[in-house]
Undergrad: 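Here it is, the structure, as structure tokens.
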Amino acid sequence: MTIIDLRSDTVTKPTPAMRRAMAEAEVGDDVLGDDPTVKRLEELAAARLGKEAALFVPSGTMANLVSLLTHCGRGDEVILGDQAHIYIYEAGGSAAVGSIHPRPLPNRPDGSIDLDLIEAAIRPNDVHAPRTRLLALENTHNRCSGAVLPLTTMDAAAALAHSRGLALHLDGARVFNAAVALGLEVSTLVAGCDSVSFCLSKGLGAPVGSMVVSTRPFIQEARRARKVLGGAMRQSGVIAAAGIVALNEMVERLADDHAHARRLAEGIAGLPGIVLDPATVQTNIVIFALDRPDMTPQQLAARLHAQDVWLLTMGGPKLRAVTNYHVTAQEIERAIDAFAAVLAP
Ligand code: TLP
């Protein structure tokens, strides 16, 4: 039986169309500005997000770090959610590399941050205080069950940030999932953002790569930051070619992943020990808790693994399953059956 890999959407392998595009890609030295395929990808990404320019980088982590380094100097402060990927899963890179001071505020379960808390956290112009430069949001929100921040939330946060002289960065690793879930053009959703990072290598299926998207001057500076981090690549058209296919062919189908995630959530929510409200599942991420005296989350994951259903534990009682284009509707039913078998009292 095939393995049903729900550990992440990062596990997706390139489609046949991507493999062909990669094999045939026209390439050159991108550090010298010679790679036509990277340039095409950067133009396409900028156009899709309605911004002036874009930069191809090796990972989502580097996309966020390049963005923060470009917005903030040493000792400047970024306001962000306490559940943000940038805050929790990026090895403290903005502090380690950029001496950027993080100011975490509580994320609500829907991934948003209370605007009044943001307003109150903005520092006064005072020699004692760090300079608040940046607000960073995440959409969809990974640790908040893939929650979508709607347009009104995005726009209200942008208005507040801009009225107080801050820039707004979006960790949009899965921003196409958000746009598809909302039925909006991604460019509309990110219109208020000064910079956006997004990943080609998650639900969109490309093997490697993320983008930073912003104004031309910002991207020029971001290019320097990428160089500092060692992220400037040479004949990277080979991987950019897959990114072009990802943007052209893999966006609309994200709706299937969302439907599969919702079905999975509905299928397991009633099982003994599973704590999950399926209504919280808006995109391709299903986060649930296990409440069983006779089984730890690690044991549940191991027993499912033995049934060829792979997922990740998240610390504490929580586990995460992420749907992606390799996982079919039939496999979701098989996964639900495996949960039922493993959790049978
Ligand atoms: N997230 C990964 C893990 O790091 C948790 C995953 O499997 O979900 N922003 C967000 C919101 C992300 O979820 C991720 C990856 C990144 C940035 C970083 O992307 P990469 O892994 O390309 O550095």
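For reference, positions follow the sequence shown, starting with 1. Nothing here was measured: the structure is a model prediction, and the numbers come from that model. Both ligands and their constituent atoms are indexed starting at 1 by order of listing.
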Undergrad: At less than 3.5 Å, what protein N or O atoms come close to the N or O atoms of ligand 1? Include the distances to 0.1 Å.
TA:
from: ligand 1; atom 1: 1 (N); to: His85; atom 2: NE2; distance (Å): 3.1
from: ligand 1; atom 1: 4 (O); to: His85; atom 2: NE2; distance (Å): 2.9
from: ligand 1; atom 1: 7 (O); to: Ser8; atom 2: OG; distance (Å): 2.7
from: ligand 1; atom 1: 7 (O); to: Arg320; atom 2: NH2; distance (Å): 2.9
from: ligand 1; atom 1: 8 (O); to: Asn142; atom 2: ND2; distance (Å): 3.0
from: ligand 1; atom 1: 8 (O); to: Arg174; atom 2: NH2; distance (Å): 2.8
from: ligand 1; atom 1: 8 (O); to: Arg320; atom 2: NH1; distance (Å): 2.9
from: ligand 1; atom 1: 8 (O); to: Arg320; atom 2: NH2; distance (Å): 3.4
from: ligand 1; atom 1: 9 (N); to: Asp171; atom 2: OD1; distance (Å): 3.1
from: ligand 1; atom 1: 9 (N); to: Asp171; atom 2: OD2; distance (Å): 2.7
from: ligand 1; atom 1: 13 (O); to: Asn142; atom 2: ND2; distance (Å): 2.8
from: ligand 1; atom 1: 13 (O); to: Arg174; atom 2: NH1; distance (Å): 2.9
from: ligand 1; atom 1: 19 (O); to: Lys202; atom 2: NZ; distance (Å): 2.9
from: ligand 1; atom 1: 22 (O); to: Gly60; atom 2: N; distance (Å): 2.8
from: ligand 1; atom 1: 23 (O); to: Gly60; atom 2: N; distance (Å): 3.4
from: ligand 1; atom 1: 23 (O); to: Thr61; atom 2: N; distance (Å): 2.9
from: ligand 1; atom 1: 23 (O); to: Thr61; atom 2: OG1; distance (Å): 2.6

Undergrad: What residues, two or more places apart in sequence or in another chain, satisfy salt bridge (charged side-chain N to carboxylate O under 4.0 Å, His left out) together with Arg131?
TA: none

Undergrad: Cluster partners of Phe339, using ILVMFWY side-chain heavy atoms under 4.5 angstrom, listed by chain and number?
TA: Ile4, Leu6, Leu264, Ile268, Leu271, Ile274, Leu276, Val281, Val286, Phe288, Leu290, Met295, Leu300, Leu304, Val309, Leu311, Leu319, Val327, Ile332, Ile336, Val342, Leu343

Undergrad: Under 3.5 Å, is there a donor-acceptor pair between the His141 and Asp110 side chains?
TA: no

Undergrad: Who are the salt bridge (charged side-chain N to carboxylate O under 4.0 Å, His left out) partners of Arg292, not counting sequence neighbours?
TA: Asp294

Undergrad: Would you say the side chains of His326 and Asn324 form a donor-acceptor pair under 3.5 Å?
TA: no

Undergrad: Group every Ile, Leu, Val, Met, Phe, Trp and Tyr by side-chain heavy-atom contacts under 4.5 Å, then state whether Val180 and Ile285 land in the same group.
TA: no

